[in-house]
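Down below is the structure, laid out as C-alpha cells.
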Amino acid sequence: MNQKPIIYQLLPRLFSNYNDNCINGGSIGQNGAGKLNAITPGVLKAIKQLGVTHVWYTGVIEHAHCSDYTQFGIERDNPHVVKGLAGSPYAIKDYYDIDPDLAVSIPDRVAEFEALVCRTHAAGMKVIMDFVPNHVARRYHSDAAPAGAPSDFGADDRTDWFFAHDNNFYYMPHQAFAPNDVDLGNGADAYGEYPAKASGNDCFTASPGVCDWYDTVKLNYGVDYSNGSRHFTPVPSTWQKMLHILLYWASKGIDGFRCDMVHMVPLEFWQWAIPQVKYRRPGIVFIAEIYDMNLYYPYIHIGGFDYLYDKVNLYDTLRAIQTAGTPASAITGCWQRLGDMEPHMLNFLENHDEQRFASPFYAGDAGLALPSLVVSAMIGTGAMMIYAGQELGEPGTDAEGYSGYDGRTTIFDYWSIDTLRRWLNGGRPAMKQLSQTERSLRATYTRILSLCNDEPAISHGKFFDLMYVNRDNPTIDTGRQYAFLRHSGTDTLVIAVNFGSDTAETAINIPLHAFEYLGITPGHYEATELIGGGNESKHLSPEAPFETRIPPHGAVIWKISQ
C-alpha cells in the first residue's frame with residue numbers, strides 16, 4: 001500500500017493538560033503537566049479520525065527542567081541554565097529516559113511510554129519520536145542507561161583540549177562558562193562550569209549571548225571547528241553512543257525518528273548510522289529537520305533520510321502568498337526546485353517552532369487556511385504534518401511565561417491549550433464545547449487529510465502543474481489562484497485554490513501534453529467535487545477550458561473517473 005504519511009504532532013506536556021486556570025510562569029504544581037497515560041484509546045481514535053497515520057510525540061525524552069525529582073534518584077537541574085520552568089524539550093538530560101513530568105507513576109515512566117506506543121499501534125497509527133543529535137543539556141547525566149550502554153557523554157573527555165577525536169564535547173580551556181545577560185546565580189545556587197563547553201548552536205565561546213542556545217552543549221562528531229578538519233576514522237565515540245541510543249528506542253517498537261537540526265551533524269554520521277538502524281528494524285523512517293535546500297539532495301540520497309522538512313521552500317512560499325503579496329504562481333517554482341526529491345518532502349503549515357496560522361503574526365484567521373492546506377497536503381506524495389490544535393484554529397495568543405506573546409504555543413512552560421482542552425473534554429473527545437466555527441474547521445481538516453489516502457491520485461499519483469498554460473488566462477488571477485492535476489489509474493483530480501477574498505469564476509486551460517502525460521481520455525464526464533460535495537457534468541478536453549467556481553479563500557477538488 002502506497003500510504004501517504006499524515007503526521008499529528010503533539011507535546012504531551014501541553015496536549016493532555018486539562019488545567020483551565022494556568023498562570024503566567026506557573027510551576028508544575030500550579031499549572032500541571034499533561035500525562036502520557038491521558039492519551040487514551042478514545043483520544044487516539046479521535047486523532048485517527050482526522051486521517052492521521054502517524055503521531056509524533058514531541059518532547060518525551062527526559063530534558064532539563066526546574067521541577068524537583070530528586071526523591072526518585074533524578075538529579076535536579078540548575079534553574080539558571082534552564083529556559084522556562086518546564087525547560088526546552090531539546091535540552092536533553094538523559095537520552096535513555098522518559099521525562100518524569102509526563103508520568104503518573106514516575107518510577108514507571110518508561111513503561112508508561114511503552115504502553116502509549118502499544119495504544120497508538122492498536123489505534124491503527126504509527127509512532128514518531130524525537131532524536132536530538134546535536135546538543136544536550138548543560139548537565140547531562142543518564143541514570144536510566146541500560147546495562148552495557150556506553151559511558152555518559154563527556155565522562156571520558158580530555159577537558160584541557162578544545163577538540164579531541166573521542167571527546168564528546170568542545171571545551172574552552174582555562175575559561176569559565178560566563179554567558180552574556182544570563183544570571184547564573186550566587187552562592188550554593190549558582191551554576192558553574194569550568195572549563196566552559198561550546199553551546200549547541202555552534203557557539204564556540206565561553207560567553208554565549210542570551211539568544212544563543214546557552215542551555216545546551218554542542219556534541220562533537222569528529223569535526224575540529226578550529227580549522228575545519230574532519231576526523232571520522234576510527235569511528236568517533238559520539239557516533240557509537242548515538243547509534244546505541246537510536247537502537248535502544250527502536251527496540252521499543254517505535255516507527256520513526258524526527259531528527260532535530262540534522263544539518264548541524266556531519267552527513268557522514270547519518271550515512272553510517274541510518275542503514276544500521278534500518279537493518280535491525282526494517283520499515284523505520286527517519287525525518288530530517290533541515291533549513292538549507294542545497295543540502296536536501298545529499299541528506300536524502302547519501303544520508304538516507306526518508307523525509308525532510310520543506311520549510312525554506314514550500315512553507316515559506318505559502319506564508320509569503322498569505323501575508324506578503326507573493327503571487328500564487330510562485331508555487332510552481334517550489335516543485336520545480338525539488339525534482340525527484342518531492343516524494344521525500346514533509347509539508348506543514350504549523351509546528352512547534354513556527355507561529356500559528358491563526359495568530360496575529362501570521363494569517364490572523366484560521367478560516368483562511370484551506371488554500372494553503374490543500375496545496376501542502378496534495379501537491380505531492382510526500383508526508384503532511386499538522387500541529388495539535390491547528391485543526392481547531394488555535395491562535396497561539398497566550399503569553400505563557402518564558403515564551404511570551406509571540407504567536408507560538410510555548411515549549412518552555414507548563415501550560416494548557418484552550419482549544420484542545422475544550423475538544424478533549426477531560427479525556428472524552430467531543431464537539432460540545434467547541435464553537436460552530438471550530439467544528440467546521442475540524443471537519444474541513446478531516447476531509448482534506450482523509451482524502452490524501454482515500455484518493456490514490458493524491459497518495460501516489462502523478463502531478464501536473466497547469467499554471468504555464470494559464471499565465472495569460474483572463475479568468476485566472478495568477479496572483480491569487482493556483483491549479484494543478486493529480487492522476488492515478490482511471491481517476492483524475494482537477495484541484496484549484498483561491499487565496500483571494502472574492503469568488504473566482506475560472507475557465508482553466510488543460511493542455512494536450514497533460515492528457516498525453518497522464519493518460520487521460522478527453523470527453524464529457526460526471527464529476528464530483530470532493531470538498532463541498534455535489535456533482536456536475538464536466539468537459540475535460542484540451543480544446544475547451546475546465547470551468548469551475550472557487551470560493552473566496554477556498555478550494556475545489558473535482559474528481560473525474562473515466
Determine, step by step, whether Asn19 and Tyr414 satisfy the side chain to side chain contact (heavy atoms under 4.5 Å, CB included) criterion, reporting the C-alpha distance in whole Å, the side-chain angles of both residues, the deciding distance to 0.1 Å, and the verdict. CA-CA 10 Å; Asn19 184 356; Tyr414 295 111; over 6 Å; no
Counting only heavy atoms from other residues, nucleotides and ligands, does the tally under 6.0 Å from NZ of Lys45 exceed 12? no
For Arg281, check side-chain contact (heavy atoms from CB on, under 4.5 Å) against everything at least two apart and list the hits. Ala250, Asp255, Ile284
Contacts of Phe72 meeting ring-ring contact (aromatic ring centres under 6.0 Å, His included) (sequence neighbours excluded), chain-then-number -> none
The side-chain hydrogen bond (donor to acceptor under 3.5 Å, both in side chains) partners of Trp335 (sequence neighbours excluded) come to Asp465
Taking ring-ring contact (aromatic ring centres under 6.0 Å, His included) as the test, write out the residues that go with Tyr387, two or more places apart. none
Name all residues meeting the side-chain contact (heavy atoms from CB on, under 4.5 Å) criterion together with Pro79; count only those two or more places apart in sequence or in a different chain, and write none if there are none. Cys66, Asp189
Is the distance between the ring centroids of Tyr95 and Tyr248 under 6.0 Å? no
Distance-only donor-acceptor hits, side chain of residues 374-383, under 3.5 Å, sequence neighbours excluded:
unit_1, atom_1, unit_2, atom_2, d
Ser376, OG, Ser372, O, 3.1
Thr381, OG1, Glu342, OE1, 3.4

Polar side-chain atom of Thr53 near backbone of Ile6 as donor-acceptor pair, under 3.5 Å: yes
Mind checking whether Thr120 and Val117 have side chains closer than 4.5 Å, heavy atoms only? no
Residues in salt bridge (charged side-chain N to carboxylate O under 4.0 Å, His left out) with Arg549, at least two apart? Glu505
Can you tell me if NZ on Lys4 sees more than 12 non-hydrogen neighbours from other groups inside 6.0 Å? yes
Whether the side chain of Asp491 engages the backbone of Glu455 through a donor-acceptor N/O pair (distance < 3.5 Å, no angle test) should be reported. no
Taking all atoms of both residues into account, what is the closest heavy-atom pair of Val60 and Leu102, and its distance? CA-CD1, 3.7 Å
Between Asp97 and Arg109, is the closest basic N to carboxylate O distance under 4.0 Å? yes
Donor-acceptor pair, side chain of Asp101 and main chain of Arg13, under 3.5 angstrom: no
Do any N or O atoms from the side chain of His54 and from the backbone of Met385 form a donor-acceptor pair under 3.5 angstrom? no
Does a side-chain heavy-atom distance below 4.5 Å link Leu424 with Phe15? yes
Any donor-acceptor pair under 3.5 Å from Asp413 side chain to Leu85 backbone: no
Given side chain to side chain donor-acceptor pair (under 3.5 Å), test Tyr309 with Arg258 step by step and report yes or no. CA-CA 10 Å; Tyr309 279 31; Arg258 179 270 189 189; 3.1 Å; yes
Partner set under side-chain hydrogen bond (donor to acceptor under 3.5 Å, both in side chains) for Thr409, not counting sequence neighbours: Arg356
Taking only residues two or more places apart in sequence, or in another chain, which ones meet Lys278 in a side-chain hydrogen bond (donor to acceptor under 3.5 Å, both in side chains)? Asp306
Among residues at least two apart in sequence or on other chains, which ones pass side-chain hydrogen bond (donor to acceptor under 3.5 Å, both in side chains) with Glu526? none
For Asn17, does its backbone N or O pair with a side-chain atom of Ser416 as donor and acceptor, under 3.5 Å? yes
Listing, residues 312-319 side-chain donor-acceptor contacts under 3.5 Å, not counting sequence neighbours, or none:
unit_1, atom_1, unit_2, atom_2, d
Asn313, OD1, Arg337, NE, 2.9
Asn313, OD1, Arg337, NH2, 3.0
Asn313, ND2, Asp310, OD1, 3.4
Asn313, ND2, Asp310, OD2, 3.1
Asn313, ND2, Cys334, O, 3.0
Tyr315, OH, Arg319, NH1, 3.2
Asp316, OD1, Lys311, NZ, 2.9
Thr317, OG1, Asn313, O, 2.7
Arg319, NH1, Gln355, OE1, 3.4
Arg319, NH2, Gln355, OE1, 2.7
Arg319, NH2, Phe361, O, 2.9

CD of Glu75: more than 12 outside heavy atoms within 6.0 angstrom? no
Verify, without hydrogens or angle tests, whether Thr528 (side chain) and Leu530 (backbone) share a donor-acceptor contact under 3.5 angstrom. no
Do Ile7 and Phe348 come within less than 4.5 Å of each other through their side chains, counting heavy atoms only? no
For the aromatic rings, using the six-membered ring if either is Trp, is the centroid distance between His352 and Tyr90 under 6.0 Å? yes
Checking the side chain of Tyr362 only, and the main-chain atoms of Gln322 only, is there a donor and an acceptor separated by less than 3.5 Å? no
List for me each residue that meets side-chain contact (heavy atoms from CB on, under 4.5 Å) alongside Pro150, sequence neighbours excluded, and say none if there are none. Tyr96, Lys241, His244
Side chains of Glu438 and Arg422, heavy atoms from C-beta outward: is any pair under 4.5 Å? yes
Keeping Gln30 on the side-chain end and Ser27 on the backbone end, is there a donor-acceptor pair under 3.5 Å? yes
Backbone N/O of Val104 and side chain of Glu112: donor-acceptor pair under 3.5 Å: yes
Take the angle between the ring planes of Phe484 and Tyr482 and call it parallel below 30°, perpendicular above 60°, tilted in between. tilted
Between CE of Met261 and CG of Asp353, what distance do you get to the nearest 0.5 Å? 8.5 Å
